Every structure is written in C-alpha cells, then in structure tokens.
Amino acid sequence: MTFFFPLSRNLFTTQTIRYYTSAAVLDSPFNLLHFLHLSATHESLRLTKQAHARVLSLGLTQNPFLASKLLSLYAFFGHLIESRVVFDSVKEKNICLWNSVINGYLKSYSFIEAFDLFCKMGHFNAKPDDFTLATVSKVAGEIGDLKVGNLVHCKSIKTGFVLDVVVSNSLISMYGKCGEFEGMKKVFDEMFERNVGSWNALISGYANAGDCRLGKDLWEVVKNMQIDGVKLNGFTISSLLPLSGNEEVTRRCDYGRELHCYILKNELDSACGSDVHLGCCLIDMYSRNSKVLMGRNVFDRMRFRNVYAWTAMINGYVDNGDFDEALVLFQEMQLRDGIEPNKVSLVNVLPACSSYAGLMAGKQIHGYAIRKELSHDVALCNALIDMYSKCGSLNCAKQVFENGLFCKDSISWSSMICAYGLHGKGEEAMCLFDQMLLLGVKPDMITVVGVLSACRRSGLVNKGLSIYKSITNDYGMKPTVEICACVVDMLGRSGQLDRALDFIKTMPVEPGPSVWGALVSASVMHENLEMQDLAYRFLIQLEPENPSNYVSLSNLHASSKRWNAVAGLRKMMKERGLRKAPGCSWISMNGKTHCFYVADKAHPHSSSIYEILDDLIFIMKGAGYPTDFEELTQITSY
DNA sequence: ATAGGGTTAG
C-alpha cells in the first residue's frame with residue numbers, strides 16, 4: 001500500500017532560531033525592526049511572536065514602525081486576529097498603520113473586512129492617501145464590485161491621487177476585473193504618465209476577458225506598447241501565455257513557443273521572483289497543448305519550485321491522462337521539497353485516484369483534507385464526491401454531499417446527480433434534480449447532461465424527454481451538443497432508432513461526433529445495419545482524423561464477416577497515416593497497479609494469467625455461454 | 001534612521 005502523505009519535516013532547526021535570537025540585540029526599536037525584517041525573510045511566525053513579546057515587555061506598543069511591521073507579518077501568516085489586536089492597541093494611528101492593516105486583510109482574502117476598515121477611516125479622522133486608494137481599488141477588483149470601484153475612482157479624482165501611476169494602474173486592473181472595459185480604457189487613456197505596469201494591467205484585462213472581440217484590442221495594445229518603446233516583461237508574458245491554444249485569439253499555432261523563446265532571449269526567467277510564476281505559466285501552456293513533456297522540461301530546469309509549480313506539473317499529467325506520473329510527483333513534492341499540498345493540489349490529484357490509484361488513495365486524500373481543515377472547501381468536496389462515485393463508493397459520495405459542512409454550489413448538485421446516474425440509480429438522480437430546482441439552484445449544462453445520462457442508463461426515456469423539454473421551455477436554456485447526444489443515446493438505447501434520427505434532423509444545434517457516435521452505439525446494440533452505416537458515414541466525415549472511428553467501423557464489418565469492407569477501411573487508414581493508440585485495462589492489487597494491453601505478454605506473471613484465462617474460457621464454454629473468442633482475437637490482434 | 005501600494009498563478 002502506498003502512503004501519499006509522509007511525515008512532514010521541520011525545515012527550521014533549533015540552531016537557526018537560536019542563532020537569530022542571539023544575533024539580534026533586542027533592546028532598541030531599531031534593532032527590533034531589523035529582527036522583524038529577519039522574521040519576514042525567513043517567513044517565521046515563531047520569530048515574529050518573539051519580537052512581539054519583546055515589543056510588549058519593552059513597552060513599545062505605540063511605536064508605529066514596529067506596530068505596522070508586526071501587524072503585516074501576522075496578516076501574512078493568516079493570524080488576522082493578532083494583526084487586528086496590534087492595530088487596535090495603537091492609540092494614535094497614522095496612515096501607514098491604516099494602509100498596513102487594510103493590505104493585510106486584502107492579502108488574506110478578507111475583502112469585506114478590508115473595505116469595512118476603509119469606510120471607518122473617516123471616523124478616526126484618517127485621510128486615505130495614494131497607498132490606501134491603490135489597495136482599496138484592488139479590493140474592489142477582487143470582489144468584482146463596480147460600485148465600490150467607482151467610489152474609489154471618484155475619491156482618487158477628488159483627492160488628485162489619480163495622478164499617481166500606481167493608483168491608476170490599480171484602477172485599470174479593477175475595471176478589467178469588473179468587466180468594465182470602457183472604464184478601463186478611459187483610465188489608461190487619461191493617464192498623464194504610464195509605466196510598464198500600466199500596459200500590463202490593460203493587457204491582463206483584455207486577456208482575462210476571454211472575448212474574441214476584445215482579443216483584437218489585445219494585439220493592438222501589445223503593438224502600441226512596443227511602438228511606445230516599453231519592453232514586455234515577465235508580467236506581460238504571463239498574461240499572454242494562457243491564451244496559447246485559443247485559436248480564436250492567437251491565430252498562430254506555435255504562439256506559446258514563441259513566447260517561451262522571448263522569455264529565454266530576454267532572460268526573463270532569471271529575473272528575480274518572476275521565474276517561478278513564468279515557469280508555472282509555461283508548464284500550464286505546454287500541458288494544455290498536449291506537450292506535457294515540454295512542460296516537464298521547464299519544470300526540471302526551474303531553480304526553485306513552490307507549491308504552485310508542483311501543482312501545475314501534477315495537473316499537467318492528470319489532464320494528459322498520465323495518472324501514474326501525477327501520483328509520483330505528488331509524493332515527491334512532499335518527500336523531496338518538503339512542500340505540503342494545498343487544497344488546489346488535492347483537487348487536482350483526486351481525478352488520478354478515480355482513474356488509476358483507486359479508493360484507498362482517494363480516502364487518504366480525504367483524510368488529509370480533514371486533518372488540514374480543508375474539508376469545508378466546496379471545490380474539494382465536489383472533487384471528493386466525484387472521486388468516490390467513480391471509485392465505486394456511492395455511499396461515501398453521499399456522505400460528503402449530505403454532511404452539510406460546505407456550501408453547495410451547482411457543481412456539488414451536478415456531481416451527486418452524476419454519481420447516482422453512474423450507479424444506475426436514475427430515480428434518485430431525478431429526485432435530486434427536482435430537489436435542486438425546488439431550492440432555486442439554477443441548473444447548468446453539466447447538471448442537465450448528468451440527469452439525462454442517469455435517465456438513459458436507467459431507461460427512463462419519457463422522464464428524460466420531459467426534462468429536455470422543460471429546460472428549453474421553462475429555463476430558457478439552449479441545449480448543447482452534449483445534451484442532444486444524451487437524448488439521441490436515450491432514444492437509441494430504448495430501440496427508437498428512427499425517432500433518434502428524426503431528433504438529430506430537427507435538433508437546434510449542429511450534430512457533432514458525440515451525436516452520431518451515440519446513434520452508432522445504439523444501432524450496433526439493436527443490430528440495425530442500415531442505421532450503422534449511415535451514422536458511421538457522418539462520423540467519418542466529421543472526424544476524418546480520428547482513428548477510433550475507422551477501427552470501430554472495421555470491427556463492425558468484421559463481426560458480419562464483410563472482410564472486403566474491413567480491408568478497404570484498413571487501407572484508407574494507412575493512406576491517411578492514422579494509427580489508433582491501443583486501449584488498455586488495469587487493476588490495482590495490494591497498492592500496485594497492473595496494466596494490460598491486447599495480447600500483452602509483458603507482465604512477469606503473463607503465462608499463469610493466460611493459463612487461468614484459458615481455464616475460464618473452458619468453463620464458460622462448458623456452461624453454455626456463447627463465445628466468439630476466435631473472432632475477437634482476429635480483430636484485436638490485427 | 002526605521003513602515004505602507006499596483007500589473008501574474010494552480
């Protein structure tokens with residue numbers, strides 16, 4: 001059995017701490033401040049607390065320099081209460097102190113508290129300055145509240161701080177995050193003086209919009225930036241890298257590699273602090289473009305890897321189906337670098353349990369999440385529901401869904417509905433869907449696909465069709481190709497092939513491969529040769545590059561012994577240079593996963609496995625089961 | 001003398 005959570009190592013030895021405590025002479029405010037600086041560079045809460053104790057015992061609580069550094073540090077460690085206590089205990093609060101405490105809340109994602117304090121400044125006769133406005137503008141962007149954003153903008157104009165480059169940059173970013181692109185452009189255009197950050201804020205605004213129309217503006221901006229003589233830096237590139245793979249916006253096939261070259265040529269990867277982040281973006285870009293090995297290359301060359309970098313790499317492997325390597329890295333992250341996974345790491349690695357490592361690994365991750373008090377996170381709970389249902393434990397999935405420790409979103413409902421569907425419990429899935437609607441949770445496309453799949457698996461054709469009608473009529477949703485494929489599958493499986501074909505002809509979206517594929521499987525199931533041929537013709541027309549279509553069709557011909565047709569298809573595949581990646585099966589035993597391909601003799605116990613297989617076939621034949629093993633062998637070992 | 005801000009993530 002593999003353990004994914006080794007004991008954590010304490011990277012801070014007692015000697016180091018003793019060194020720092022003895023090296024600093026902690027009797028003057030200046031030395032204490034220096035000591036706090038050391039606590040910050042070593043990210044040590046313990047040293048921070050020692051400094052705090054010293055501040056208290058020397059009666060230096062009213063020193064504004066010490067107080068602001070102390071409260072910032074507490075906020076950095078997530079100790080917001082201590083941070084607030086330090087702030088509250090200072091009687092004469094200067095503007096730096098206000099800015100530090102508001103920024104502390106911002107960095108700890110406590111946006112409402114941050115804004116609340118900003119609003120209270122007036123009662124204390126404190127006037128916001130450029131630092132305050134830049135910070136609160138970011139707060140508005142983070143919560144995506146345009147009203148708050150406009151308020152900060154007005155205040156900046158009134159006080160004249162809008163002339164400060166950083167304040168304006170922050171406003172640009174805020175408008176971008178609120179989706180108010182006109183406002184964003186206006187702030188930028190009206191700027192009196194701009195720096196690279198101004199351009200970056202504008203570019204990231206357009207880049208994150210995910211809107212092709214704005215994508216055009218984006219390239220204009222990048223061009224104008226260069227005309228203006230401002231060089232692209234690490235921030236710029238990391239905004240542009242996530243667009244690689246989006247053909248609509250980039251219109252270039254090797255766009256991601258171009259940006260990678262730019263990084264190397266301009267040595268942006270060695271610029272202090274930005275190399276980790278750029279590395280993450282590169283890994284992500286390569287994984288998204290199915291070049292996970294290129295991503296690994298970047299990962300291996302990074303001089304410093306944080307939890308983001310490890311998680312990006314793990315996610316790359318999971319997305320590309322290499323679950324084994326993902327799990328190896330998940331362990332190495334902890335063993336080699338002593339880095340603890342956070343909730344995103346766990347969410348990303350859970351699909352590897354569903355598909356590869358199995359229930360026990362998934363349970364370990366669940367246990368770890370509970371110990372680290374991460375099990376209230378909705379994304380993690382959703383991933384757990386999904387994992388448990390795919391690992392065969394509907395009960396555990398139900399327990400996570402029903403325990404009420406997290407705030408359910410539409411994904412939680414969808415995951416549980418899908419779980420019931422996967423386990424053949426159509427009635428329960430329908431029931432949950434109704435409950436969701438009653439509670440006013442808005443279903444999305446995924447929910448509908450989930451409930452329709454559940455219906456088709458359980459043969460609830462009429463109920464499925466009525467749901468289909470109600471989502472279009474009552475909820476005004478435009479059905480997606482996937483939803484239509486579900487309907488085709490539902491009708492097809494129940495034997496209503498002609499009705500399925502009629503549906504395809506009248507459905508509101510262009511039928512894609514999934515739709516014809518559903519009709520193919522249904523017509524195979526019901527042995528309707530005419531329909532099979534028809535559906536396959538559309539499928540191959542839509543996906544001439546997908547080898548699976550040819551192989552399936554050829555297998556179909558083989559099953560009815562039409563060998564000429566088989567040979568013709570195989571020839572066509574060869575001419576088009578298509579090869580199908582072989583499928584495989586695997587089984588986990590005693591924590592080790594064994595993988596098998598067709599006619600695979602690579603396993604060390606191969607001969608005894610085949611012996612048992614032969615015995616089983618013999619027994620099956622004896623028991624009168626119909627067997628076409630000869631034919632199967634003929635097809636698969638082709 | 002010493003403190004506080006913006007543009008980037010999985």
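Just so it is clear: chains get the letters A, B, ... in the order the sequence lines come, proteins before strands, and each one is counted from 1. These figures come from a predicted structure and were not determined experimentally.
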Where the side chain of [X] is concerned, which of [options] is the nearest nucleotide?
{"X": "A:Asn99", "options": "B:dG10, B:dG4, B:dT7", "value": "B:dG4"}
{"X": "A:Thr311", "options": "B:dA9, B:dT7, B:dG10", "value": "B:dG10"}
{"X": "A:Ala312", "options": "B:dG5, B:dG10, B:dA9", "value": "B:dG10"}
{"X": "A:Asn315", "options": "B:dG10, B:dA3, B:dA1", "value": "B:dG10"}
{"X": "A:Pro64", "options": "B:dG10, B:dA3, B:dG5", "value": "B:dA3"}
{"X": "A:Cys96", "options": "B:dA9, B:dA3, B:dT7", "value": "B:dA3"}

> Given atom NZ of A:Lys343 and atom P of B:dA9, what is their separation to the nearest angstrom?
Replying inline: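 Result: 17 Å.
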> So, is A:Lys138 close to the B:dT7 phosphate, meaning a side-chain N or O under 4.0 Å from OP1 or OP2?
Replying inline: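 Yes, because at least one side-chain N or O of A:Lys138 sits under 4.0 Å from OP1 or OP2 of B:dT7.
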> So, is A:Asn103 near the phosphate of B:dG5, with a side-chain N or O under 4.0 Å from OP1 or OP2?
Replying inline: yes
Please work out if [X] contacts a base, only the sugar-phosphate, or nothing of the nucleic acid, heavy-atom cut-off 4.0 Å.
{"X": "A:Ile95", "answer": "base"}
{"X": "A:Val165", "answer": "nothing"}
{"X": "A:Asn63", "answer": "nothing"}
{"X": "A:Pro29", "answer": "nothing"}
{"X": "A:Asn342", "answer": "base"}

> Who passes side chain to side chain contact (heavy atoms under 4.5 Å, CB included) against A:Leu60, sequence neighbours left out?
Replying inline: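 Expected list: A:Pro29, A:Leu32, A:Val55, A:Leu58, A:Leu66.
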> In residues 111-124 of chain A, which residues come under 4.0 Å of DNA chain B by heavy atom?
Replying inline: none
Which atom pairs, donor and acceptor, lie under 3.5 Å between side-chain atoms of residues 176-183 of chain A and protein residues at least two apart or in another chain?
none

> Mind checking what makes side-chain hydrogen bond (donor to acceptor under 3.5 Å, both in side chains) contact with A:Ser414, not counting sequence neighbours?
Replying inline: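 In terms of side-chain hydrogen bond (donor to acceptor under 3.5 Å, both in side chains), with neighbours along the sequence ignored, A:Ser414 is linked to A:Thr447.
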> Do A:Phe87 and A:Trp98 make the cut of ring centroids closer than 6.0 angstrom?
Replying inline: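 Yes, close enough.
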> ring-ring contact (aromatic ring centres under 6.0 Å, His included): which pairs involve residues 131-166 of chain A, sequence neighbours left out?
Replying inline: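 Checked against ring-ring contact (aromatic ring centres under 6.0 Å, His included) - neighbours excluded - the pairs reaching residues 131-166 of chain A are A:His153-A:Tyr175.
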>> Angle between ring planes, A:His37 versus A:His34, binned at 30° and 60°: parallel, tilted or perpendicular?
In response: parallel
> Does anything in residues 309-322 of chain A pair up under side-chain hydrogen bond (donor to acceptor under 3.5 Å, both in side chains), and if so which pairs, sequence neighbours excluded?
Replying inline: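 Pairs touching residues 309-322 of chain A that pass the test: A:Arg296-A:Tyr317, A:Trp310-A:Asp337, A:Thr311-A:Ser345.
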